[in-house]
Amino acid sequence: MADMEAFRDALGRWAAGGPGGPAGDLAVRLGLRTAVLLEGPSDFEAVEALAARRGRDLAAEGVCVVPMGGAMSVGRYAGLLGPPGLGLRLTGLCDERERPFYQRGLERARAAHPGFFVCAADLEEELIRALGTAAVEEVIRSEDDQRAWQTFARQPAQHGRSRPQQLRRFLGTKKGRKIRYGRLLVEALAPERVPAPLDALFATL
């Protein structure tokens, strides 16, 4: 069976101006029917982690999860994957502040808006709120990041910020940390505490 990672690689080359044939061929071999468009790799890790927890093999179901590298790429990816391109059904997550980029991009690609679910600030904020700060700090301790977290929280720039705001900012302070915690926070969730946008996304897949 064709490899989903190979499809994502071919799609990335297509989005960068390369030929679309390899991605199209792989889409047919994989039996793709749906593309989940996400802003970045931390969202990708969260979605993949929840799929694993729920016993879902998205690739076998014809679902490709695509980290686009930023909200401003949505028009490009929607055009390649949606009605003007491969004709896949499009769904995904977006941040509230990025909603206008998604609306314009999806309109250009003649794709439906209702399949996209909006996070209040971003998915990290949704996960922190769902878990609660104590549980998030426990995950940080389990990853041996406690000293780095405490040092960060004592910085003058963090004074006056709420604990959830500090935690959200901490996750983005080191390269790769937000990506790693995207998976870890989902794995720490109780099944009934999955954030509404993420839960709603899975209900459509």
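Here, residue 1 is the first one in the sequence, and each next residue gets the next number.
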### Task
Starting at CZ of Arg168, measure out to CG of Leu127 and round the result to the nearest 0.5 Å.
11.5 Å
### Query
Does NZ or CZ of Arg104 come closer than 6.0 Å to the centre of the six-membered ring of Phe101, within 45° of the ring's axis?
yes
### Query
Looking at Phe202, is Arg54 sitting on its ring face, NZ or CZ under 6.0 Å from the six-membered ring centre and within 45 degrees of the normal?
yes
## Note on the structure
Nearest heavy-atom approach of Leu131 to Ala188 is CD2-O, 3.6 Å
### Query
Is there side-chain contact between Asp9 and Pro22, with at least one heavy-atom pair below 4.5 Å?
no
### Query
Out of curiosity, Glu39 CD to Leu93 CG, how far, rounded to the nearest 0.5 Å?
9.0 Å
### Task
Please name all residues satisfying side chain to side chain contact (heavy atoms under 4.5 Å, CB included) with Val118, sequence neighbours left out, ordered by chain then number.
Cys94, Glu96, Arg99
#### Entry: Nearest-0.5 Å distance, CD of residue Glu98 to CG of residue Asp122
9.5 Å
### Query
Taking it one step at a time, do Leu167 and Ile140 satisfy side-chain contact (heavy atoms from CB on, under 4.5 Å)?
CA-CA 10 Å; Leu167 285 164; Ile140 289 171; 3.6 Å; yes
### Side-chain (Thr91) to main-chain (Gly115) donor-acceptor, under 3.5 angstrom
yes
## Note on the structure
With sequence neighbours left out, the residues meeting ring-ring contact (aromatic ring centres under 6.0 Å, His included) with Phe152 are Phe170
### Message
Tell me the closest heavy-atom pair linking Arg129 and Ala120, and the distance in Å.
### Response
NH2-CB, 3.9 Å
#### Entry: Residues Leu106, Leu90; criterion side-chain contact (heavy atoms from CB on, under 4.5 Å); working and verdict
CA-CA 9 Å; Leu106 293 170; Leu90 303 180; 4.3 Å; yes
### Query
Transitively linked via ILVMFWY side-chain contacts under 4.5 Å: Val139 with Leu198?
yes
### Message
Taking Ile179 as the starting point, is it possible to reach Leu37 by hopping between hydrophobic residues whose side chains are less than 4.5 Å apart?
### Response
no
### Distance (rounded to the nearest 0.5 Å) between Arg29 CZ and Asp3 CG
9.5 Å
#### Entry: Whether Arg163 side chain and Gly132 backbone form a donor-acceptor pair below 3.5 Å
no
### Query
Do Leu171 and Val136 come within less than 4.5 Å of each other through their side chains, counting heavy atoms only?
no
### Task
Nearest 0.5 Å please: distance from the CH2 atom of Trp149 over to the OG1 atom of Thr173.
9.5 Å
### Query
So, for Met4 and Leu30, which heavy atoms are closest and what is the spacing to 0.1 Å?
SD-CD1, 3.9 Å
### Task
Name all pairs fulfilling the side-chain hydrogen bond (donor to acceptor under 3.5 Å, both in side chains) condition that reach into residues 150-159, sequence neighbours left out, sorted by first residue then second.
Gln158-Arg161
### Query
Is Val36 close to Leu201 at the side-chain level, that is, under 4.5 Å between some pair of heavy atoms?
yes
Sequence neighbours left out, cut at 3.5 Å: what donor-acceptor pairs do the side chains of residues 62-85 make with other protein atoms?
residue	atom	partner	partner atom	Å
Arg76	NE	Ala15	O	3.1
Arg76	NH2	Trp14	O	3.0

### Query
Looking only at atom types and distance, does a side-chain atom of Asp95 sit under 3.5 Å from a main-chain N or O of Arg97, one as donor and one as acceptor?
no
### Query
Sub-3.5 Å donor-acceptor pair from the side chain of Gln165 to the main-chain atoms of Ser162, do we have one?
yes
#### Entry: Nearest-0.5 Å distance, CZ of residue Arg177 to CD of residue Glu143
10.5 Å
### Message
So which atom in Leu189 and which in Ala130 form the shortest heavy-atom distance, rounded to 0.1 Å?
### Response
CD2-CB, 3.8 Å
### Task
Would you name the heavy atoms of Phe7 and Ala23 that are closest together and state the gap between them?
CE1-O, 3.3 Å
### Query
For residues 181-197, which residue pairs qualify under side-chain hydrogen bond (donor to acceptor under 3.5 Å, both in side chains), counting only residues two or more places apart or in two chains?
Glu45-Arg183, Asp145-Tyr181
### Query
Quick one: salt bridge (charged side-chain N to carboxylate O under 4.0 Å, His left out) partners of Arg13, sequence neighbours excluded?
none
## Note on the structure
Correct closest heavy-atom pair for Leu88 and Ala35 would be CD1-CB, 4.1 Å
